[in-house]
Amino acid sequence: MSTPQLDVYGFPAADPKATSASPFTTKIECLLRLAGLPYRMHVVTNPGKTPRGKLPYLEDGTMTVSDSEHIVAHLKAARGVDLDVSLTPLERAQSHALQRMIEERLYWIIVYSRWIDPANDGAVYEQFFGSLPPVLRGLIYRSALKTTKAALHHQGLGRHTADEIYAFAARDLEAISQTLGDKPFLFGDAPTLADVVAFASLTNMLRPDFKTALRGLVEVRPNLVAYETRMGALYEDGASIRSSSQ
Ligand SMILES: N[C@@H](CCC(=O)N[C@@H](CS)C(=O)NCC(=O)O)C(=O)O
């Protein structure tokens, strides 16, 4: 029996020079590319119609796997993808802590910087909803903005000032920068899952055309800028294994 095709469902890029606007979608694409596993990409714009209301999700034959963390576990169990084989137990623990910081805190700061920061007023409207018919655009944008504001409020970040939020980001970015030091990748000479996760967020801070203080906070840390370029080259090298669903 032949191995089933992998189908990834995720958000599109906000602009042509960027990866998916969703760090979690970028993470799965990057992991598959580093692992050399061909996949078919399905661009989805309405996460409300997905199995758990979030992107990305993966179809592997008859199995549907939602949430990037479950997808990583599935790819390890079903396809033998494990970028962390050579990490020590201590490095695995450090990698886990870094990933949670990036995905559970920095992620929300990216969301804040795009949707709420007054510097970006209107940018999300154009970049995420610009392709919708004009009658629907305003309606869907206002509903998504309301949901995003509520999510940031409940998460807690939305209760702070912009200066406080970007000060949180600076500390998180400094932690990544110090962990990286002058090594090519976070845990040495080869990329691991933590690099995939860090790249997915850093590239989303540097590349898309949002006026965000986050870009400046990355740019003052030259090792992070060079690292994003290094990971970006690996990501691009794997582009040929992606096919489009259209
Ligand atoms: N823990 C999830 C987070 C996924 C997530 O937050 N996805 C966002 C896009 S970056 C999403 O689908 N948001 C749509 C919504 O909440 O309505 C994962 O790792 O996949």
Side-chain angles (χ1 to χ4, degrees), residues 6-15 18-32 39 41-60 63-77 81 83-84 95-117 120 123-125 127-129 132 136-137 139-158 169 172 192-208 210 212 214 235:
L6 292 172
D7 287 289
V8 178
Y9 295 79
F11 270 123
D15 71 57
T19 65
S20 166
S22 151
F24 301 102
T25 303
T26 299
K27 166 185 168 184
I28 295 308
E29 284 206 74
C30 185
L31 179 62
L32 290 169
Y39 63 100
M41 188 68 204
H42 303 255
V43 164
V44 177
T45 48
N46 182 359
K49 292 195 171 146
T50 66
R52 294 209 180 164
K54 292 267 186 192
L55 290 164
Y57 72 96
L58 173 84
E59 283 175 356
D60 183 357
M63 273 195 82
T64 300
V65 189
S66 298
D67 195 296
S68 68
E69 202 169 338
H70 289 320
I71 297 172
V72 168
H74 172 80
L75 290 173
K76 184 173 170 182
V81 174
L83 299 185
D84 293 350
S95 167
H96 179 79
L98 269 177
Q99 290 175 53
R100 293 288 67 76
M101 176 189 77
I102 293 168
E103 296 192 330
E104 302 298 338
R105 218 262 286 264
L106 256 184
Y107 166 71
W108 287 104
I109 303 180
I110 296 176
V111 173
Y112 169 87
S113 76
R114 290 176 175 179
W115 286 81
I116 313 293
D117 187 335
N120 272 316
V124 162
Y125 180 72
Q127 295 200 30
F128 291 174
F129 303 95
L132 291 174
L136 281 182
R137 199 182 299 163
L139 211 66
I140 293 177
Y141 167 71
R142 281 191 295 280
S143 157
L145 180 61
K146 195 171 159 205
T147 309
T148 305
K149 272 188 181 154
L152 279 162
H153 183 76
H154 291 305
Q155 195 275 348
L157 200 75
D172 293 354
T192 64
L193 184 60
D195 295 294
V196 167
V197 168
F199 166 69
S201 282
L202 290 171
T203 199
N204 260 294
M205 294 179 201
L206 288 170
R207 305 279 166 185
F210 288 110
T212 163
L214 286 175
Y235 179 84

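When a ligand or atom number is given, it counts from 1 through the structure's own listing order.
- Atom CZ of R52 sits in a sparse spot, with 12 or fewer heavy atoms from other residues, nucleotides or ligands closer than 6.0 Å.
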Ignoring hydrogens and angles, write down the donor-acceptor pairs under 3.5 Å from the side chains of residues 105-113, residues two or more places apart or on other chains.
| residue | atom | partner | partner atom | Å |
| --- | --- | --- | --- | --- |
| R105 | NE | D172 | OD2 | 2.9 |
| R105 | NH2 | D172 | OD1 | 3.1 |
| S113 | OG | I110 | O | 2.9 |

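- Applying the salt bridge (charged side-chain N to carboxylate O under 4.0 Å, His left out) test to every pair with at least one member in residues 196-207, sequence neighbours left out, gives these pairs: R207-E228.
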Is there a side-chain hydrogen bond (donor to acceptor under 3.5 Å, both in side chains) between S201 and N204? Walk through the geometry before answering.
CA-CA 5 Å; S201 282; N204 260 294; over 6 Å; no
Ligand 1 N/O to protein N/O, distances under 3.5 Å:
| residue | atom | partner | partner atom | Å |
| --- | --- | --- | --- | --- |
| ligand 1 | 1 (N) | D67 | OD2 | 3.0 |
| ligand 1 | 7 (N) | L55 | O | 2.8 |
| ligand 1 | 12 (O) | L55 | N | 2.8 |
| ligand 1 | 16 (O) | K54 | NZ | 2.8 |
| ligand 1 | 19 (O) | D67 | OD1 | 3.2 |
| ligand 1 | 19 (O) | S68 | N | 3.3 |
| ligand 1 | 19 (O) | S68 | OG | 2.6 |
| ligand 1 | 20 (O) | S68 | N | 2.8 |

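- Closest approach of H74 to L58, counting heavy atoms only: CD2-CD2, 3.8 Å.
- S95 is linked by a side-chain hydrogen bond (donor to acceptor under 3.5 Å, both in side chains) to Q99, counting only residues two or more places apart in sequence or in another chain.
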